[in-house]
2 protein chains.
Amino acid sequence: MPEEKLRRQRTGRANSSPTLEDVAQKAGVSTATVSRCLNAPARVSEATRKQVLEAVNQLGYAPNFGARALAAKRTDTFGAIIPTMENAIFARGLQAFQEELEQNGITLLVSSSSYSPQLEEKQVHALIARGADALLLIGHDRTPKSYDLLESKGIPHVIAWSIAHDVPRTSIGFDNRNAMKTLALEVLKLGHRDLAVISAPREGNDRARERCQGVADALIQFGLRPTDLPIIETPYSISNGAEAFQTLVSSGNRPTAVLCGNDVLAAGAISRARELGLRVPDDISITGFDDIEIAQIVSPGLTTVHVPHRKMGIHAARLLIAMRNGEYGDAPAESLELQVTITWRGSLGPVPLRNA
Amino acid sequence: MPEEKLRRQRTGRANSSPTLEDVAQKAGVSTATVSRCLNAPARVSEATRKQVLEAVNQLGYAPNFGARALAAKRTDTFGAIIPTMENAIFARGLQAFQEELEQNGITLLVSSSSYSPQLEEKQVHALIARGADALLLIGHDRTPKSYDLLESKGIPHVIAWSIAHDVPRTSIGFDNRNAMKTLALEVLKLGHRDLAVISAPREGNDRARERCQGVADALIQFGLRPTDLPIIETPYSISNGAEAFQTLVSSGNRPTAVLCGNDVLAAGAISRARELGLRVPDDISITGFDDIEIAQIVSPGLTTVHVPHRKMGIHAARLLIAMRNGEYGDAPAESLELQVTITWRGSLGPVPLRNA
DNA sequence: TGAGAAAATGTAAGCGCTTACATTTCATCC
DNA sequence: GGATGAAATGTAAGCGCTTACATTTTCTCA
């Protein structure tokens, strides 16, 4: 069959990848057989299967993903868009998510939105174009268009790291507001009355918003005015946490407890506290959120909200796979709320005597 | 043109994505024009362009990536395989890499190999099948087959985080061995003679191997026997660093300085030191490698090797883009060696008096 | 005003794969 | 031994896009 050779010469693509046809030729069978051999080995006789695999190996053949997706209308690829890869907040959950997918023969494509809904919208678009069968998203804040895209294409998606009782969307996560409220109540019980918060920018980040509200809820419960609560917004990073902390303590009325929106900010705060000669928690208490590894190694250890990251990732994967397989039909899959707990370490203590 | 409608009815795929043809129909032009509109707007008249974009918007059209790649033989997608996403070691460099790519209209696909060459080989395969135009890899250790794959398909690739003078492969990174030697020399100059190393498993990880060799080099230069050097191998994680540290100090002859293969291990070591009541650096010195954020927030701060992560990422991107564009022809692109420096913080001090 | 060039658009042939359907092969049984 | 059906294999039609080439429209200028 000189046709094949002709094509090669014509296009002049010397060292391009071998195709199904090349394999078929080498093995002396049709392309259909090769394809079956790769996708449904049972439907091919032992003998030919061996020949074909031999040819595959010799040629170093790798099926062209795009062509396969085009023909099969399935990619076995899921996408995940997380706000950042710069720190470990999402790492553990994502790792678990991906492990679970892999066990089911699904590849994960990850991209990060830098906490920008606009960027996220582009990524949704890109992942859909790439044929993602389903998507994992973080939190509820995003552009309406992102949702439109998902819906009009009928792409299964679940929202993690957050749970909303009032929206008809499948999510798997925890109640950020309540979690933070619980922690803030503990702080208040220890006698603190001058709280302050270091939060991520709340715009476009419902987790951050809810956590702040949680603190407010606790204040109200103690009969305090939430409007008095100083809140500094700054992107998640250790150095930003440190800066924000310094700003807080050098302001007129220094708080006795600083609640941070996550562990990364809190780690920055703790480290700056030491540099400023403030003892934690004797002079000032600091709390975090997430319970990532960093919470253990700062000194003192961070009292923080423990989030079941791996559990969340695994369940998200299973849920998404079930949705993709149509196991829920048209009914929306049920959301799953996970429980969080408080991990006590050394950074939260009673209010200093002079402030009591 | 009722053909299109027929197809839809026939296949019954009600809410599948709109195709180029749908857009063309709606805009009353040919598919070619729509395609041009999207890829080479200059070749289309103002008026039609508007109509087409209108149709695109109304339909929420997203070009099918697989089909495009198939037809255009280009994906504008690069791949990166990093050993782990679990901690921040590669995060900053990768972020910079991806930013630089994005500015050039290139999408980045990331996957992680869990430090396993076998897994990495699979990922190379997968990324090639997905049509990655070029690949970023970490370090030189990988299966021969991985290299074969890359070479036979003619996929441009650069190796980062490591530099090898004796292989004809384009790499961009630093001399791990020499960097670690420099640090170890500083340790020795401070009077330490009982060193120990906590390293990542050296098998399949040339960076880890070279760093250990660097310590040995320094010992030799001081006339000491490198064979006496205790080395504990353990995967990068804070808790593993802590465990390894405890093992070292509770062994018969406790070292006066522990050199860690990276900052994550070192952070674990420092935190365990405190738990064990050992003062750093008064009782024992600890050093790291990488200078990631964590190095600043442990107490005392980590004396470590500063690696120019962002610079490495940016240069890797530029190099890879140039290679993809054929700017180097068949000649291998030149490797780039970056310089590292030592960042002094508090964790390295003079040898304790009783050991001097 | 009309010939010729330039610009805009259309036509249709694939890209590499899957899969419905058609055909061949082969074991089975009366 | 030949009809029968199951198993194995082949044939060929797309999947949604790009792009070389053909055709039409528009512009330019003598």
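Chain naming here is simple, since letters A, B, ... match the order of the sequence lines and numbering starts at 1 in each. Because the structure is predicted, anything quoted here is derived from the model rather than measured.
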Quiz prompt | Residue Glu334(B) excluded, over 12 heavy atoms near CD under 6.0 Å | solution = no
Quiz item: Are Arg142(B) and Ser113(B) close enough that a side-chain donor and a side-chain acceptor fall under 3.5 Å?
Solution: no
Quiz item: Which whole-number value in Å describes the distance from Asp76(A) CG to dC17(C) P?
Solution: 16 Å
Quiz item: Which nucleotide in the set dT18(C), dG10(D), dG16(D) lies at the smallest distance from any side-chain heavy atom of Leu70(A)?
Solution: dG16(D)
Exercise. Return no unless some side-chain N or O of Thr19(B) is found under 4.0 Å from OP1 or OP2 of dG16(D).
Key: no
Self-check item: Of the listed nucleotides dC17(C), dT18(D), dT9(D), the one nearest the side chain of Arg43(A)
Solution: dT9(D)
Practice problem: Starting at atom CG of Leu59(A), determine the distance to atom C1' of dG16(C), rounded to an integer number of angstrom. | Solution: 14 Å
Quiz item: Among the nucleotides dT18(D), dG16(D), dT11(D), which one has an atom lying closest to any side-chain atom of Ala72(B)?
Solution: dT18(D)
Quiz item: Side chains of Glu99(A) and Gln95(A): donor-acceptor distance under 3.5 Å anywhere?
Solution: yes
Self-check item: Asn39(A) or Ser30(B), whichever maps to the more 5' nucleotide of DNA chain C
Solution: Ser30(B)
Quiz item: In whole angstroms, how far is the P atom of dG10(C) from the CD atom of Gln25(B)?
Solution: 13 Å
Quiz item: Within a strict 4.5 Å, meaning less than it, do heavy atoms of the Phe65(B) and Thr77(B) side chains meet?
Solution: yes
Exercise. Select one nucleotide: of dT18(D), dG10(D), dT9(C), the one nearest the side-chain heavy atoms of Thr33(A).
Key: dG10(D)
Self-check item: Spacing of Tyr61(B) atom OH relative to dG16(D) atom C1', expressed in whole Å
Solution: 7 Å
Quiz item: Between Glu21(B) (CD) and dC15(D) (P), how many Å, whole number?
Solution: 8 Å
Exercise. Can you figure out which of dT19(D), dA12(D), dG16(D) approaches the side chain of Ala32(A) most closely?
Key: dA12(D)
Exercise. Round to a whole Å and report the spacing from CD of Glu46(A) to C1' of dA7(D).
Key: 15 Å
Exercise. Would you mind telling me which of dC17(D), dT18(C), dT9(C) lies closest to the side-chain atoms of Leu20(A)?
Key: dT18(C)
Quiz item: To the nearest Å, how far apart are Arg36(B) CZ and dT18(D) C1'?
Solution: 10 Å
Practice problem: Could you say whether Val34(B) or Ala42(A) is positioned toward the 5' end of DNA chain D, judged by the nucleotide with the nearest heavy atom to each? | Solution: Ala42(A)
Quiz prompt | Given DNA chain C, 5'-ward residue of the pair Thr31(B) and Ser45(B), judged by closest heavy atom | solution = Ser45(B)
Quiz item: Is it the case that Gln98(A) and Glu102(A) place a side-chain donor and acceptor less than 3.5 Å from each other?
Solution: no
Quiz item: In whole angstroms, how far is the P atom of dC17(D) from the NZ atom of Lys73(A)?
Solution: 12 Å
Quiz item: Are any of Ser35(B)'s side-chain N or O atoms less than 4.0 Å away from OP1 or OP2 of dT18(D)?
Solution: yes
